[in-house]
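Sharing a structure below in structure tokens format, with a few things to ask.
Note that this is a predicted model, so its numbers are computed, not measured.
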Amino acid sequence: MELPSTSSEVINMSSMMVAGEPSDHMILNGLEMGKSIGEAYLESDTVKETRALVSELCRHFYTLGWVSGTGGSISIKVRDDSIPKSRQLIVMSPSGIQKERMVPEDIFVLSSDGFILSTPPLKSYPHYPPKCTDSTPLFLKAYEMRSAGAVIHSHGMESCLVTMMHPFSKEFSIRAYPKTTAVLVRNHGVYIWGDSWISAKTQAECYHYLFDAAIKLHQLGLDWSTPSHGLVRNVNGNCGCGGNMSRGLKAGSS
């Protein structure tokens, strides 16, 4: 699978509003609200708990190898039954922060349409200024197109290696696969989403297991793409792929 095409619907990240700029009003979930009311909501227990959850999951995913200091990220919608899901706030992990040391204060809060409402405080050297994850446009696409409740971007080694096992796969749009819950990006891991953070995490665990299994089957010279897992023969007629999947053919094919 390849990165979905988004060229026709580019998200202008440079136009994001940053909370704290001089203004009598602010945008919250696409609605203009009094600044004091907006700040009160951003400090609510619901938002704080979701920020804490993102930082906790980042630390956990670090131990799994899914994220690192600069790679991988996670985003979760703030569950609030009084607000339609499509307009709920979004919390996102930052870029360039050591994931194993992440704390709730490191997390960004965005409106449903991508406006930054809360930016992490600047830390002393050697930390870099806070920056929202580069995965933000794809996260927002998953929320918009799949009504997701959480999105995980994993840089797990298996999720990167598995994209190299089918070198001639073509780019596609996720619109063509309405039931899919993940998209692989060649040499750059996988994006996985679900209705909730539990659903996304469960999906991620299943996908990483399957990626690992596919890689091991490939190493054994077995066909990883079918349930039968028969031997793969190369173009010279020998069994096994010799470490070169691009030359491998399924047994019985011509």
Side-chain angles (χ1 to χ4, degrees), residues 1-11 13 57-58 60-75 92-100 102 128 131-143 145-146 148 150-177 180-194 200-201 203-226 232 234-235 240-250:
M1 288 185 287
E2 291 285 353
L3 181 68
S5 175
T6 58
S7 58
S8 63
E9 298 176 283
V10 177
I11 298 173
M13 298 297 291
L57 289 174
C58 278
H60 174 59
F61 292 164
Y62 175 85
T63 67
L64 298 176
W66 295 359
V67 301
S68 61
T70 57
S73 50
I74 181 173
S75 171
M92 286 190 188
S93 60
S95 176
I97 298 294
Q98 304 305 303
K99 303 297 192 300
E100 76 276 18
M102 193 169 291
Y128 293 104
K131 176 187 175 184
C132 201
T133 172
D134 294 333
S135 300
T136 300
L138 283 174
F139 283 162
L140 294 177
K141 282 294 180 183
Y143 289 129
M145 299 173 65
R146 290 294 179 264
V151 189
I152 297 169
H153 174 38
S154 169
H155 273 204
M157 182 63 71
E158 59 269 61
S159 66
C160 294
L161 290 177
V162 78
T163 66
M164 305 177 192
M165 294 168 57
H166 202 309
F168 303 113
S169 59
K170 298 180 180 179
E171 178 178 320
F172 71 90
S173 170
I174 61 174
R175 294 183 189 279
Y177 299 88
T180 190
T181 56
V183 59
L184 282 164
V185 183
R186 193 182 304 280
N187 303 332
H188 195 70
V190 62
Y191 288 84
I192 304 168
W193 55 88
K201 176 176 175 289
Q203 292 282 344
E205 291 166 342
C206 293
Y207 280 119
H208 282 81
Y209 175 87
L210 292 173
F211 297 155
D212 188 46
I215 292 169
K216 290 178 178 177
L217 286 167
H218 169 59
Q219 291 171 335
L220 292 171
L222 299 176
D223 183 8
W224 55 272
S225 64
T226 64
V232 175
N234 59 32
V235 292
C241 57
N244 186 354
M245 179 56 80
S246 64
R247 291 172 59 83
L249 298 174
K250 292 180 181 179

**Study point:** Separation of R146 CZ from R175 CZ (nearest 0.5 Å)
**Key:**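 Going from the CZ atom of R175 to the CZ atom of R146 covers 8.5 Å.
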
Check your understanding: Any side-chain donor-acceptor pair under 3.5 Å between Y207 and T181?
Key -> yes

Review point. Which atom pair, heavy atoms only, marks the closest approach of A182 to I192?
Key: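 So the two residues come closest at CB-CG1, 3.9 Å.
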
Review point. Does G71 offer a backbone N or O that forms a donor-acceptor pair with the side chain of S68 under 3.5 Å?
Key: yes

Practice item. Any chance you could measure R186, atom CZ, to M164, atom CE, to the nearest 0.5 Å? Key: 9.0 Å

**Study point:** Shortest non-hydrogen contact between A148 and Y143, atoms and distance
**Key:** O-CD2, 3.1 Å

Practice item. Apply side-chain contact (heavy atoms from CB on, under 4.5 Å) to the pair T163 and V185, showing each step before the final yes or no. Key: CA-CA 7 Å; T163 66; V185 183; over 6 Å; no

Check your understanding: Taking atom CG of L184 and atom CE of M165, what is their separation to the nearest 0.5 Å?
Key ->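 With rounding to 0.5 Å, CG (L184) is 11.0 Å from CE (M165).
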
Can you give each donor-acceptor pair under 3.5 Å made by side-chain atoms of residues 150-162, sequence neighbours left out, with the distance rounded to 0.1 Å?
from	atom 1	to	atom 2	distance (Å)
H153	ND1	V190	O	3.2
H153	NE2	H155	NE2	3.0
H153	NE2	H188	NE2	3.4
S154	OG	G156	N	2.9
S154	OG	H208	NE2	2.7
S159	OG	G156	N	3.4
S159	OG	G156	O	2.6

Study note, to complete from the structure: Tightest non-hydrogen contact, residues M102 and P94, listed as CE-CD, 3.7 Å

Exercise for review: Starting at CG of L210, measure out to CG of D212 and round the result to the nearest 0.5 Å.
Suggested key: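 If we round to the nearest 0.5 Å, L210:CG and D212:CG are 9.5 Å apart.
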
Practice item. Enter the distance from M92:CE to I74:CD1 here, rounded to the nearest 0.5 Å. Key: 11.0 Å

Check your understanding: If you take all heavy atoms of F139 and S75, which pair is closest and at what distance?
Key ->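 The pair with the smallest heavy-atom distance is CD1-CB, 3.6 Å.
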
Practice item. Only counting residues at least two apart or in another chain, list the ones meeting salt bridge (Lys or Arg N to Asp or Glu O under 4.0 Å) with E205. Key: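 Applying salt bridge (Lys or Arg N to Asp or Glu O under 4.0 Å) to E205 gives K201.
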
**Study point:** Interatomic distance, T180 atom OG1 to W193 atom CH2 [nearest 0.5 angstrom]
**Key:** 5.0 Å

Exercise for review: Write down the atom of G96, the atom of T70, and the distance for their closest heavy-atom approach.
Suggested key: CA-CG2, 4.3 Å

